[in-house]
There are 2 protein chains.
Amino acid sequence: MQKPFVSAQEVAERAGVSRSAVSRTFTPGASVSTETRRKVMEAAEALGYHVNHLARGLMRNESGIVCLIVSDMGTPYRSSLVRAVTQHLQDAGKIAMLVNTDRFDGSVDLALRQAIRYRADASIILSGMPDKSITELCLKNGQRLVLINRDDAQPGPFRINLDDAEAAGRVVTAFVRAGCRRLAFANSQAGTPSLMARERGFIAAAKVLGLEVMVERYGPTNYASGRILAQRLLTRRDRPDAVFCATDLIACGFLDAARHDFAISVPDQLCLAGFDDIEQASWSSYQLTTFAQPVDAIAREAVNWLGGDSIADPAGSPPVRLHADLVWRSSIRGA
Amino acid sequence: MQKPFVSAQEVAERAGVSRSAVSRTFTPGASVSTETRRKVMEAAEALGYHVNHLARGLMRNESGIVCLIVSDMGTPYRSSLVRAVTQHLQDAGKIAMLVNTDRFDGSVDLALRQAIRYRADASIILSGMPDKSITELCLKNGQRLVLINRDDAQPGPFRINLDDAEAAGRVVTAFVRAGCRRLAFANSQAGTPSLMARERGFIAAAKVLGLEVMVERYGPTNYASGRILAQRLLTRRDRPDAVFCATDLIACGFLDAARHDFAISVPDQLCLAGFDDIEQASWSSYQLTTFAQPVDAIAREAVNWLGGDSIADPAGSPPVRLHADLVWRSSIRGA
DNA sequence: GGGCGCATTGCAAGCGCGTGCAAATGCTGC
DNA sequence: GCAGCATTTGCACGCGCTTGCAATGCGCCC
């Protein structure tokens with residue numbers, strides 16, 4: 001199709017050595033004399049030679065490619081996670097392949113197939129849930145699998161989760177300490193494991209203190225849903241005085257609706273908390289009290305595991321559980 | 001390193017055909033009888049066979065990989081662009097490889113080297129500017145190059161730009177129509193071609209109407225810079241009554257500072273415009289009048305060009321120039 | 001029945017690379 | 001000078017795939 005790239009062969013000829021010498025020059029830890037190495041490097045430089053990683057991957061059975069499977073990557077939290085993961089992958093000498101699964105359900109499976117085709121060393125799933133059969137196919141082929149924030153029972157993949165439920169408990173404490181009694185949880189209808197864990201944790205912690213929780217669920221996990229949820233919760237006769245939003249995006253929408261549509265003052269008349277600590281949460285129009293996703297730690301954990309000899313534990317290890325710090329801002333009284 | 005994947009060889013044996021038959025079955029347009037195709041498919045299914053795209057790329061001299069070179073991908077505009085591009089690439093049967101260049105200067109060159117190593121069919125540069133020598137290396141090797149929103153004179157790559165200057169002119173009109181006379185431009189210090197084009201266009205259009213423009217530049221292109229820029233511009237004796245921010249992110253910061261730190265009402269006392277139309281611009285706390293980046297059109301344009309036989313025009317074609325629609329919201333009076 | 005054209009199939013070469021193995025080289029010590 | 005050793009080098013094979021070419025089989029028409 002196109003002019004072929006320069007090959008090791010050509011470099012070898014120009015340098016007056018064998019092709020293996022070239023190969024070895026670019027293979028760390030191989031045996032080459034400094035003299036031939038110099039000659040090879042010189043020729044390579046002159047010709048603009050770069051090792052063909054496709055061919056190398058073929059030989060080594062290790063492509064260096066890691067597949068990132070993501071939906072909603074235009075979203076602040078997701079994009080920051082993608083950023084962190086690619087950064088850590090690069091630092092580890094690997095490269096990220098990005099697959100977008102926005103389009104339709106089942107595209108996670110398609111994405112994993114794509115990962116297999118390109119012989120990715122691993123796939124990191126940031127959203128959605130693959131079919132059991134396909135994950136098994138991946139694992140059987142020696143492809144590593146990382147699931148981030150999607151704690152299903154499914155064993156085999158390496159899983160990284162947050163202490164969602166425990167975090168939700170901390171919010172209850174904060175709300176009650178601020179004098180709130182009418183608690184509500186604003187969730188999306190996505191039903192993601194981590195979202196549900198927050199919801200359950202919130203309800204459970206409230207129950208311990210003898211408090212009921214109004215739960216409302218609507219739409220996808222975004223700003224618009226937050227507005228709708230506010231509409232629903234703030235028009236109730238027993239209007240809540242404290243709302244935990246499953247996500248910062250929802251919280252932003254909720255807060256905007258509360259202030260602008262209902263003229264409710266936050267935090268005086270209404271306490272609000274979110275989750276993720278997206279950048280917007282810190283903007284002065286929001287100043288949202290929220291939980292910080294340890295994005296960097298998540299990425300580090302995932303990439304480290306990929307590097308390690310994790311064959312030791314045969315798919316039986318429990319999920320890694322990371323801590324989400326509570327970031328105090330002014331959407332809850334009495335910081 | 002790891003259990004090898006199942007190969008075409010094994011499928012062939014199981015199906016009782018030759019390896020070529022398997023290959024042809026998975027090559028669209030190749031000559032295979034329906035009977036053998038069936039047998040092959042059956043065996044492939046049973047064994048969980050997937051064509052090795054690394055090997056295929058080796059033969060065809062066409063990997064199907066397109067390298068995306070990005071910085072600040074946690075940012076709303078950038079991430080939405082990445083999203084759109086990967087989506088279009090997937091629809092075109094290609095796959096995106098993501099390289100993050102946040103770390104340091106010169107990493108764009110490193111990224112392009114990486115693209116060459118993986119024999120990417122093309123590289124799309126969304127941020128930063130590669131060295132001339134390295135782009136030449138890419139082009140010489142038959143790798144296609146797309147530059148988005150970085151209009152440097154450098155010919156060779158395919159370039160997609162917006163009508164930044166013209167858009168800036170429209171803002172001036174809107175400001176003047178709203179009765180503003182003291183115009184300002186709030187820019188970052190990044191000095192990106194498109195940012196500078198907006199600045200120059202704004203100044204030029206104002207001059208035509210006999211108006212001077214106060215220009216302030218500070219820091220990177222983000223919210224925090226917007227706040228600082230507000231600090232600088234709004235403490236002037238001849239405080240501006242209309243500010244065009246180079247970016248929505250800057251505009252958000254500027255608006256927040258104006259409202260919360262200076263108790264200035266927008267748009268009554270101050271008209272504001274941004275650029276990009278990030279999601280936050282539509283949030284009710286901002287309601288920013290801004291220019292919509294035609295993200296989808298940009299992505300489509302780029303991917304289409306990759307598909308076409310663009311060898312026809314030998315690097316001499318002028319940049320494609322797309323139009324940025326003005327989105328009217330309430331940060332300028334008199335919509 | 002034989003010759004012809006066509007669709008299908010298998011063979012084998014080759015894409016660019018890594019690597020085991022054996023040959024070659026350099027060096028040391030006697 | 002030569003055996004003995006360590007280091008370096010080249011050869012050749014194979015990774016999984018595509019594809020040109022020749023061989024095979026089939027149906028068709030004269």
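Because only heavy atoms are used, hydrogens play no part in the values below, and waters and symmetry mates are left out as well, while side chains stay in.
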Does OP1 or OP2 of C:dG18 have a side-chain N or O of A:Arg56 closer than 4.0 Å?
yes
Would you say the rings of B:Tyr49 and B:Phe26 are close, in the sense that their centroids are separated by under 6.0 Å?
yes
B:Ala21 or B:Ala55, whichever maps to the more 5' nucleotide of DNA chain C:
B:Ala21
Could you tell me how far apart B:Lys39 (NZ) and C:dT8 (C1') are, to the nearest whole angstrom?
12 Å
Pick base, sugar-phosphate or nothing for A:Ser20, based on heavy-atom distances below 4.0 Å to the nucleic acid.
base
The residue, B:Asn52 or B:Arg24, whose nearest nucleotide of DNA chain D is more 5′ is B:Asn52
Cation over ring, A:Arg144 on A:Phe158, under 6.0 Å and within 45°?
no
Could you give the CZ-to-C1' distance, from A:Arg19 to D:dC15, as a whole number of Å?
13 Å
Students often get this wrong, so: under 4.0 angstrom with heavy atoms, is A:Ser7 touching a base, only sugar-phosphate, or nothing?
sugar-phosphate
Please tell me if A:Tyr118 has a side-chain N or O lying less than 4.0 Å from either OP1 or OP2 of D:dG16.
no
Atom-to-atom span, CD of A:Gln9 to C1' of C:dC15 - whole angstrom
12 Å
Counting only side-chain nitrogens and oxygens, does A:Ser23 get under 4.0 Å of the OP1 or OP2 atom of C:dG18?
yes
Do the charged groups of B:Asp109 and B:Arg113 touch, with an N to O distance under 4.0 Å?
no
Whole-Å distance, B:Leu54 CG to D:dG16 C1', equals 10 Å
Are any non-hydrogen side-chain atoms of A:Asn100 and B:Leu89 less than 4.5 angstrom apart?
no
Separation of atom CD1 in A:Ile116 from atom P in D:dG16, rounded to whole Å:
15 Å
What is the distance, rounded to the nearest whole Å, between atom CG of A:Leu58 and atom P of D:dG14?
14 Å
Can you measure B:Phe5 atom CZ to D:dC17 atom P for me and round it to whole angstrom units?
11 Å
For B:Val22, answer base if it contacts any base atom (sugar-phosphate contacts may also be present), sugar-phosphate if it contacts only those atoms, and nothing otherwise; contact means non-hydrogen atoms under 4.0 Å.
nothing
Less than 3.5 Å between a donor and an acceptor, one on the side chain of B:Arg119 and one on the base of C:dG16, is that the case here?
no
Would you say C:dT8 has OP1 or OP2 under 4.0 Å from some side-chain N or O of B:Ser33?
no
note: A:Met59, atom CE; D:dA12, atom C1'; distance rounded to Å ~ 12 Å
Does C:dA7 have its OP1 or OP2 closer than 4.0 Å to a side-chain nitrogen or oxygen of B:Ser31?
no
Regarding A:Phe26, tell me which of base, sugar-phosphate or nothing describes its non-hydrogen contacts under 4.0 Å with the strands shown.
nothing
Could you check whether any side-chain N or O of B:Glu10 sits under 3.5 Å from a backbone N or O of B:Ser7, counting only pairs where one atom can act as donor and the other as acceptor?
yes
